[in-house]
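Please read these numbers as outputs of a predicted model, since none were measured by experiment. Indexing begins at 1, ligand by ligand and atom by atom, following the structure's order. By convention here, the first residue in the shown sequence is residue 1.
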Amino acid sequence: MTVEEGFIFPDGFVWGAATSAFQIEGAVDVEGRKPSIWDTFGPARTDGNIACDHYRRFESDVTLMEQFGLQAYRFSVAWPRVLPDGVGKANDSGLEFYDRLVDACLEHHVEPFVTLYHWDLPLALHKRGGWFSRDSVGWFADYAELMVRRLSDRVKNWITINEPQVFLSHGYLTGDHAPGANHSFGEVLQAGHHVLLAHGEAVRRIREFSKQPANVGFAPAGCINLPRTLNRANVEIARERTTGVSEKHLFNNVWWMDPVIRGSYPEEGLRKYGKNAPLHLDSDFEIISEPIDFLGLNIYYGHEVAIEKGEATETRDQPNGHPRTSFGWPVTPEVLYWGPSWLYDRYNMPIYITENGMSNTDWLNIEGRVDDPQRIDFLKRYLAELHKVITDGADVRGYFHWSFLDNFEWDKGCRQRFGLVHVNFETQERTPKSSAYWYRDCIESNGYTILSEAHR
Ligand code: GCO
């Protein structure tokens, strides 16, 4: 059966799941690791320092991944575990952990996709200015080089930075994420410029030191607006918003993707940000736009927009009864159609959905199972939209569900459960949810079961 005829995804489509170091590893103060900015921030002091104890339990977790058919596992390296001071002397125990993790993945036929930065900045570097210092570019590039030299004989898929919009905004503007700072908008845009430079320098080090041809990308948040109805004006305003810049916040796509893929900041952003736009050297964009192989998109939900009486109006609140996750996020499957569609049109760059999922009030029922029909329905709806955009011609190469395990959800601690596998944070017992079984069948059939009778 071809892609067009059924819900079959293209041959070679990669089915995976994603996590990040600080959200699952625990073991924050063992075998040489030193603190990150998250270690002493908010609920991390309790929930984050153990999380899913993956540092000790990774073997059985990877075995579970194979049992549930995962073809790929997106995880991040904890920078302060391998370079405790952020720079300088590497920590062999930390490097050996990632050796063992990668070896376990390969032994269990799970392809590793390694994220280099998923928010756990070494505290030592934060104290030296962190991303606000242009030195951060070299610090990150040296760290990337260390990891590529160590792992690239076995790892070919690399993601440099996860969601610059989110960690810069929550960490340094509003302060609800680590390190809980409140800088000016202009200062944070300048730090964002250093993050983009760091991305580019890391790509250069990966290309130079990888022991095999590397597949390199980055994973910005996909900030998607949806047309409230499918009339032309609403589709156009939704596209404009999705490929535009608001002067009020950092949550857009093109300010972060244009420099990396097109080699310049978007004109609209430079105009709207005005004096807040970062100082830069013209040569910076040569570094930032070092060619990558794919655009990762972390997409969860979007807000509808429409033209009413000549004005663009955005829906911030869906009607009562509209499906919502336990985070209160609206379930809006069409984001996996419109987002990849418009961003593929803009960049013509292969895409991986590097994160998509939902938090749910999952618990063990009286029979000891975790039934999560909401997540199965979520998966069916979102994957059906992703299939549609692929059928329309977008080159989407894989899907990583967020997340494999219930884990530490930043400032919300371990209360928001995103996993395909339930974690009892007291006993660390893992219980695959019914969605894990559904996802296994979906992977085995390369998507065919999404809307088949068997799963209605
Ligand atoms: C993000 C981060 C993840 C989150 C997940 C659920 O996208 O915010 O990459 O670390 O845990 O998205 O919020």
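- Neither side chain, Tyr172 nor His177, offers a donor N or O lying under 3.5 Å from an acceptor on the other.
- Closest protein heavy atom to atom 12 (O) of ligand 1: Tyr300 OH, 2.7 Å.
- Heavy atoms of Gln416 come nearer than 4.0 angstrom to ligand 1 in no pair at all.
- Arg346 contributes no side-chain N or O that, together with a main-chain N or O of Asp258, makes up a donor-acceptor pair within less than 3.5 Å.
- Classification of Arg207 and Asp293 as a salt-bridged pair holds, one side-chain N sitting under 4.0 Å from a carboxylate O.
- Considering both main-chain and side-chain atoms, Glu355 comes within under 3.5 Å of ligand 1 through a nitrogen or oxygen pair.
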Working for salt bridge (charged side-chain N to carboxylate O under 4.0 Å, His left out), residues Lys34 and Asp29: CA-CA 6 Å; Lys34 283 189 181 175; Asp29 54 1; over 6 Å; no
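- Tyr55 does not carry Arg33 over the face of its six-membered ring by the limits of under 6.0 Å from the centre and within 45° of the normal.
- No side-chain N or O of Asn253 forms a donor-acceptor pair with one of Trp342 less than 3.5 Å apart.
- Some N or O of Trp410 is nearer than 3.5 Å to an N or O of ligand 1, by distance alone.
- Scanning the protein for heavy atoms near atom 7 (O) of ligand 1, the closest one is Glu163 OE2, 2.4 Å.
- Contact record, Leu70 with Val110: O-CG2, 3.6 Å, taken as the closest heavy-atom pair.
- In terms of polar-atom proximity, Trp119 is not counted as a contact of ligand 1, lacking any N or O under 3.5 Å from an N or O of the ligand.
- Listed by number with element, the atoms of ligand 1 under 4.0 angstrom from any heavy atom of Phe418 are 6 (C), 13 (O).
- At a 4.0 Å heavy-atom cut-off, ligand 1 touches Asn162 through the side chain alone.
- Every atom of ligand 1 with a heavy atom of Trp329 under 4.0 Å away is listed here by number and element: 13 (O).
- Atom 10 (O) of ligand 1 has as its closest protein heavy atom Gln23 OE1, 2.7 Å.
- Taking each of Glu409, His177, Lys412, Met358 in turn, the one with a heavy atom nearest to atom 11 (O) of ligand 1 proves to be Glu409.
- Gln428 and Asp53 form no side-chain donor-acceptor contact under 3.5 Å, judged by distance and modelled atom types alone.
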